[in-house]
Amino acid sequence: MAANRFSTGSEGGHGHGEAPLEGKALLDRARSLSNRPEDQIARACGYVGPSGRILKKSFYRALVAAKGYVLPSALHGGAAAAKGRQAVFRTRVHGNGNLLIGQAYTRRMGLEPGQEFRIELHKETGSIWLLPMGTTGNEESID
């Protein structure tokens with residue numbers, strides 16, 4: 001390898017398929033490459049996803065942990081960061097009058113594309129019921 005050529009990690013054993021560096025090894029490698037751009041340092045330390053995308057957040061978290069700091073997400077097992085976006089059970093009527101129920105909710109209910117429902121409005125409770133076609137409701141509905 002030429003002296004002025006930067007190793008992307010694939011030659012040095014820290015490329016795809018291998019565990020990224022952690023702890024002292026990470027600090028040593030990052031320190032030795034400190035004159036390089038951050039993306040190159042992260043790549044050389046093995047912080048590259050399966051698609052080749054650089055995993056900057058994981059790299060920075062590993063650096064912080066290697067320095068001895070404990071992040072709040074690490075205290076809780078990292079579950080909050082791993083969950084991603086969570087469904088919040090609220091919606092609002094859009095300006096055009098539509099009320100949208102998103103994919104997260106239909107998936108959670110096990111609904112499939114093409115299923116048909118009858119909509120029942122219940123005056124007493126102010127609720128909306130979706131009844132699969134072929135079933136009937138027990139309460140009086142608003143017509």
Side-chain angles (χ1 to χ4, degrees), residues 1-122 124-139 141-142:
M1 180 186 316
N4 63 351
R5 188 170 156 227
F6 175 72
S7 168
T8 61
S10 57
E11 302 93 354
H14 298 294
H16 301 287
E18 292 191 31
L21 297 175
E22 293 180 345
K24 185 173 177 354
L26 172 61
L27 291 176
D28 290 346
R29 179 78 173 177
R31 195 173 290 117
S32 72
L33 298 170
S34 62
N35 61 336
R36 302 290 183 175
E38 294 171 11
D39 287 1
Q40 289 180 356
I41 298 169
R43 182 178 298 281
C45 292
Y47 287 86
V48 181
S51 66
R53 187 175 60 90
I54 296 170
L55 306 174
K56 288 184 181 182
K57 188 173 182 179
S58 296
F59 173 64
Y60 295 138
R61 286 181 177 275
L63 281 175
V64 169
K67 283 288 201 176
Y69 296 101
V70 179
L71 297 173
S73 63
L75 293 173
H76 304 300
K83 284 185 182 178
R85 210 171 144 186
Q86 296 296 303
V88 293
F89 288 92
R90 44 186 295 193
T91 188
R92 67 175 50 131
V93 177
H94 293 242
N96 61 6
N98 289 345
L99 182 64
L100 178 68
I101 299 173
Q103 179 184 17
Y105 310 105
T106 56
R107 189 180 321 123
R108 188 167 176 175
M109 293 173 61
L111 304 181
E112 299 291 330
Q115 278 185 294
E116 292 186 352
F117 297 89
R118 195 174 90 235
I119 299 171
E120 275 194 12
L121 307 173
H122 294 271
E124 307 80 36
T125 61
S127 60
I128 300 171
W129 290 9
L130 296 178
L131 300 171
M133 292 302 286
T135 64
T136 58
N138 297 333
E139 292 190 23
S141 60
I142 302 172

Identify each donor-acceptor pair in which a side-chain atom of residues 94-102 lies under 3.5 Å from a protein atom, sequence neighbours left out, and give them as a table.
unit_1 : atom_1 : unit_2 : atom_2 : d
Asn96  : OD1    : Asn98  : N      : 3.0

For [X] and [Y], which heavy atoms make the closest approach, and how far apart are they?
X: Leu26; Y: Ala66; result: CD2-CB, 4.5 Å
X: Phe59; Y: Glu38; result: CE2-O, 4.5 Å
X: Ala44; Y: Leu33; result: CB-CD1, 3.5 Å
X: Arg29; Y: Cys45; result: CG-SG, 3.5 Å
X: Ser34; Y: Ile41; result: CA-CD1, 4.2 Å

Side chains of [X] and [Y] in contact at under 4.5 Å (non-hydrogen atoms):
X: Tyr105; Y: Leu111; value: no
X: Lys56; Y: Asp39; value: yes
X: Ile119; Y: Leu130; value: yes

Start with the C-alpha gap between Leu55 and Val48, add the side-chain angles, then the distance that decides, and say whether side-chain contact (heavy atoms from CB on, under 4.5 Å) holds. CA-CA 5 Å; Leu55 306 174; Val48 181; 5.8 Å; no
How far does CD of Glu120 sit from OG of Ser127, to the nearest 0.5 angstrom? 9.5 Å
Can you tell me how far the CZ atom of Arg118 sits from the CG atom of Leu131, to the nearest 0.5 Å? 5.0 Å
Using a 3.5 Å distance criterion without hydrogens, assess whether the side chain of Tyr47 forms a donor-acceptor pair with backbone atoms of Leu21. yes
